[in-house]
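In what follows, chains are A, B, ... by sequence order, proteins preceding strands, each numbered from 1.
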Amino acid sequence: MIEHGKPSSHPRFFSFLLALGIALIFVATLFSVAFAKPSAQVDGEALFIAKGCNACHTIGGGKLVGPDLQGVTELRTNEWLTKWLTAPDQMLQTDPDAKALLVEYNNVPMPNLGLKPEEVAALIAYLGGGATISGATAELPAGDATSGKAYFVGDKRFENGGPHCISCHSVAGIGSLGGGNLGPDLTTSGFVQSDAAFASFMGAPSTQTMGAIWANTPLTPQEQSDLYTFLSRAAVTKREPSALLQIALLAIAGAAALIALAQVYWGKRLRGVRKPMIEQTLAARKRINAK
Amino acid sequence: MDIRSHVSMVFHLDKCIGCHTCSVACKNIWTDRKGTEYMWWNNVETKPGTGYPTQWEDQDKYKGGWEREEDGKIHLRLHGRKKGLSNIFFNPALPTIDDYYEPWTYDYENLFNAPEGDDQPTARAVSMITGKPMDTIEAGPNWDDDLGGSPLYARNDVNLDDLTDDEREQLNELERVVFFYLPRICNHCLNPGCVAACPAGAIYKRGEDGIVLISQEKCRAWRMCISGCPYKKTYYNWASGKSEKCILCYPRLESGQPPACFHSCVGRIRYLGVLLYDADQIEKCASVPDLELVAAQRNMIQDPFDPEVIKCAKANGISDAMIASAQNSPVYKFVKKWQIALPLHAEFRTLPMLYYVPPMLPVLAKTDKDGKYDVAGLDNEGLPAMISSLAKARMPIKYMARMFSAGNVKEVEDVYRKLIAVRIFKRAQKVKDYQQAEVDAALAQGATNPEEVEAIFRLTSLPTYEERFVVPPLGREVAVEAWEKPLERKTEAGFGVRNKIAKRKF
């Protein structure tokens, strides 16, 4: 009742906003239609960065997680590159060259980025155009392994609030139980090769899961450096037998403890009636006969 | 009063000859399927004996039935809520197949197909569970059949626990060895342990007749009912993964026939009829001290001729036909009117609705040096020397009391005095070798009268089929016509179980 006067002004303000909104959408549509590039002319460099290719690859900047792509168009045919960029996961299963590459690059597979045909064409054109591009991040400050471990297991928070590595990854040196199983085990994954490659990847991770997680909560250079220092010490090509033994012993001890607990809890369970009855009766008769 | 109707049973043990015809009839109809080979919904045991499964009466081992606390409350012996939850994946009181027996058949084909050899071919025993030959068969469903006095079986009968060493020794003396038969089916209890123990809520009691059934759709194979039932009358079907039990042949009842074991009984020991009972009293009756249990349970059964009872029954929707059936019920006469039928192991507190007329004490007689017929121990409480005295019974009264009256010796003695009075009265009538004074003394001791004795005699010895089996008009199939037209339903939905029962593959 007090705000009796207001309703009359309310619809007027609302209709003004609505009109403004419609006008804006109209103008935006006009612009987008007028200035839209034809889809065949996708900007290769922008796409290279947008799709996160530079997380693992340079052009003329040396190898990171993946190979340096300078001159790749001369090394491979256009047809091979098109197939590779469209569906690398399928190529890895069928193509001998792709398989050889996988082994050469520490078994880190090229992810399927879901590129459209015109995007593939644009990328190949860009790679053949002689442009150069370096890794995603510059050099790292000096790192501290203790701090890196603390980041990994969650004793220390990441500055931008990212999740701790242990929730999805495991690595040697964080205790016998290890970490999560959702992501690859970083002990033997091959991801941790050089600080440049690590920093480049973590600066803008290109895989779907990592990209989604780290896009809004990036690591600081110091955090990257600490983590790399820790991981590079922990990472090996093959797990040590003693570590495997430790896990096996832990599993056996755990199972034994559970069985012992069950024996205590269900100690008075029914262990058969007929056989014990007969055995006891026969034993009693034997005792009497012996006397 | 919350009056409900219950199809109840009486087994007259004096007439049981231990022929197992009932068991075979039941097996042929219901438990000849895979996974049910070891089940005997109906079985006949020799007492004293260990029964099936072995020593099923020993609830220290099997944890069946209910337990009374100091404050008079009862709880399941198996577990309460917390323990039930913590044991849900492992029931520590389950009998093993060995406590029943490993069912077997014989390799009959070998008799025809065996290659020529030096010896006759034999049909080896083959396990019906593993399919492998069994070298030695160590147990069967009636392994201790007729083995009264057996040091291995009869002496391990838990009902002998209350007896003194002398009394136990007497049972094993040469020429005094004694046994009787105890046929058992599901008791369709009023306070069933199986229903209370089921975590899935799969077991229920039918409203109109009290038959306890396990829903094959709801059963989740927790197997708590097997431990919960003190009579071990629910069984786990290892092939279907569901528990099963006696269904009192309800499909037969619904078409007016008695259950198969009743129908086939050679000795005609089985009686079936409706009892009206007051459901308000169930908890109270199940909670009274041991010695009062039988009286309390009898008290719960109501007179179907009482107008007040009839009024309450009708208020509960019990039909006139059902009430008429209750009035004709032979079970009502045995249990309530004459009070000569007793529940088996009332101390389990499940309020079983199957009652037993205890067997007459066997006579141990000899001729003395004058050639005169002499019944051992002539201390017959002033009665003619036909039946030995209760105190000197070959089957000790204490043993009978442990089985049929939760240890209350007087209850069993009262039953026996009445049964003895019937014998003496009828003998005096037919053989005419007793004095009237002796007959009168027997009637007085039995607290009975000639009319009652005649009635007991008639229903015991000369009952017609219709008198033994007063099957109430359950008529579910007729009742369904009230809301559904069977012909239309048939064309729309077909017969059988509506939801397919998922079975394990083997």
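- Ion pair B:E57/B:K47 flagged as a salt bridge, since at least one NZ, NE, NH1 or NH2 atom sits closer than 4.0 Å to an Asp/Glu carboxylate oxygen.
- Counting heavy-atom pairs under 4.5 Å between each of B:T50, B:N87, B:T96, B:L94 and chain A puts B:N87 at the top.
- Using the six-membered ring where Trp is involved, B:Y106 and B:W104 have ring planes that are perpendicular, over 60° apart on the 30 and 60° scheme.
- Residues of residues 280-291 of chain A placed with any heavy atom under 4.5 Å of a heavy atom in chain B are listed by number as A:T281, A:L282, A:R285.
- The residue among A:K268, A:R269, A:R274 with the most heavy atom pairs within less than 4.5 Å of chain B is A:R274.
- Heavy atoms of B:P53 lying under 4.5 Å from chain A are absent altogether.
- Side-chain rings of A:H164 and A:F158 approach one another, their centers coming within less than 6.0 Å.
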Report task. Test A:D95 against A:K83 for salt bridge (Lys or Arg N to Asp or Glu O under 4.0 Å), laying out the working first. Result -> CA-CA 10 Å; A:D95 190 84; A:K83 261 164 79 182; 5.5 Å; no
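- Geometrically, B:R184 does not engage B:W41 in a cation-pi contact defined by less than 6.0 Å to the ring centre and at most 45° from the axis.
- Contacts with chain A were tallied for B:N156, B:L152, B:D98, B:N91; B:D98 has the most, counting heavy-atom pairs under 4.5 Å.
- Salt bridge A:K156/A:D226: absent, no basic N to carboxylate O contact under 4.0 Å.
- Screening B:D145, B:N42, B:N43 for a side-chain hydrogen bond (donor to acceptor under 3.5 Å, both in side chains) with B:H20, the sole residue that qualifies is B:D145.
- Heavy atoms of B:F90 lying under 4.5 Å from chain A belong to its backbone as well as its side chain.
- Between B:H345 and B:F348, the ring planes are parallel. Angles under 30° get that label, and only those over 60° would be called perpendicular.
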